[in-house]
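Structure first, commentary second.
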Amino acid sequence: MTTVLFYILGFIMLTATLLCITRRNPVHAVIYLVAGFFALALMFYLLGAPLAAAWQIIVYAGAIMVLFLFIIMMLGLAPQETPEGPGWRRWGPLVLLSASLMVCTVLLIMQDPAAGKEIGDFYLAPQAVGESLFGRYVLAVEMVSFQLLFATIGAYLLGRPLSKGEGQ
Amino acid sequence: MISVYHYMSVAAILFAMSTYGVLTRRNAIVIFMCIELMLNSVNLTFISLSSHLQNIDGQIFVFFVMAVAAAEAAVGLALMIAFYRNRESIDVDNINMLKW
């Protein structure tokens, strides 16, 4: 059962990612990315991380992707076709590098003797994660909340209308 | 039989595909989406190793990665808007001048 689910979810996710990075229309790319994120959330659930699956759907597929869609539509980029990317000669070597890096990673992972055994039944209840976050890691959680505040201020500063005597 | 390396291979393929997207696309927002995908492949690695090692820390890290990604999305998209206001486009080929 788990095996079948893994292959279905992996296929959905990799197909959605492939479609996402090749679509010319950015709105279509966002929709495929959301589909991929849903498959990834189910994969998290399969790995016994229900809270991470919920975060994935709420934070990524919900908040961040809606923000992307909102910006794309606000800037009026939806009907615009992006021009052809640079030719093979320019990005070919880089693609070769990233592909060889991927092959090396997969080979290294497969070589590890401990990785060969089946992934065990592991279920981490949301309660345990919450207790760890607000117990042992509470300082880090506070720092991340500060970081979100700074990001909000930064986004406001970048997005505000230009005043006189500034810019240009 | 599904072992941890199946999951990690999926994560590696996902990371390589999003690297390809970052390198080939010219629309800055799509490049940004590919960076989000990279973060997600790292999240998948964290969760699969958390499950493999029967350890809670991987999921804690995923929480922090997601918080950083949310902050990054907010600032990055504000940058896109500021750039669009100046140049009327978000093609990365037009981002060639560093200027206040």
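If you're wondering where the values come from, they're calculated on a predicted model, not measured in any experiment. All values below come from the heavy atoms of this structure, side chains included, with hydrogens, waters and symmetry mates left out. Chain letters run A, B, ... following the sequence lines, proteins first and then strands; every chain starts at 1.
Per-residue counts of heavy-atom pairs under 4.5 Å with chain B were compared for A:L97, A:I21, A:L149; the largest is that of A:I21. Among A:L46, A:L157, A:L40, the residue making the largest number of heavy-atom pairs under 4.5 Å with chain B is A:L40. Comparing B:S50, B:C34, B:A82, B:G58 by heavy-atom pairs within less than 4.5 Å of chain A, the highest count is held by B:S50. In terms of heavy-atom pairs under 4.5 Å with chain A, the best-connected choice from B:V62, B:V75, B:I56 is B:I56. Looking only at heavy-atom pairs under 4.5 Å with chain A, the residue among B:M8, B:M80, B:M66 that has the most is B:M66. Among B:S41, B:G21, B:A71, the residue making the largest number of heavy-atom pairs under 4.5 Å with chain A is B:A71. When each of B:I13, B:V10, B:I81 is scored by its heavy-atom pairs under 4.5 Å with chain A, the top score falls to B:I13. Interface summary for chain B: among A:V141, A:L51, A:L101, the most heavy-atom pairs under 4.5 angstrom belong to A:V141. Residue with the most contacts toward chain B among A:L133, A:V30, A:V103: A:L133 (heavy-atom pairs, distance under 4.5 Å).
Looking at A:A29, both its backbone and its side chain come within 4.5 Å of chain B, counting heavy atoms on both sides. At a 4.5 Å heavy-atom cutoff, B:V22 makes no contact with chain A through either its backbone or its side chain. For chain B, no part of A:S145 is nearby; none of its heavy atoms comes within less than 4.5 Å. Within the 4.5 angstrom heavy-atom criterion, only side-chain atoms of B:V30, from C-beta onward, approach chain A. Heavy atoms of B:F15 lying under 4.5 Å from chain A are absent altogether. If you measure heavy-atom distances from A:V144 to chain B, the contacts under 4.5 Å come from the side chain alone. Residue B:A11: no heavy atom, backbone or side chain, is found under 4.5 Å from chain A. With a 4.5 angstrom heavy-atom cutoff, B:E72 does not touch chain A via any of its atoms.
The minimum heavy-atom distance linking B:Q59 with A:G48 is given by the pair NE2-O, 3.7 Å. The two residues B:L37 and A:F37 make their nearest non-hydrogen contact at CD2-CE2, 4.1 Å. In plain terms, the two heavy atoms of B:N27 and A:P26 that are nearest each other are ND2-CG, 3.8 Å. Among all heavy-atom pairs drawn from A:L18 and B:M17, the shortest one is N-CE, 3.3 Å. Between B:M33 and A:C20, the closest heavy-atom pair is CE-SG, 3.9 Å. For the pair A:I64 and B:A73, the tightest heavy-atom approach, listed with the atom from each and the gap, is CG2-CB, 3.9 Å.
Although no hydrogens or angles enter the test, the distance criterion places no donor-acceptor pair under 3.5 Å between the side chain of A:Y137 and the main chain of B:I60.
With no hydrogens or angles considered, no side-chain donor-acceptor pair links B:N43 and A:Q56 at under 3.5 Å.
Ring geometry, A:F68 versus B:F32: the interplanar angle falls from 30° to 60°, so the pair is classed tilted.
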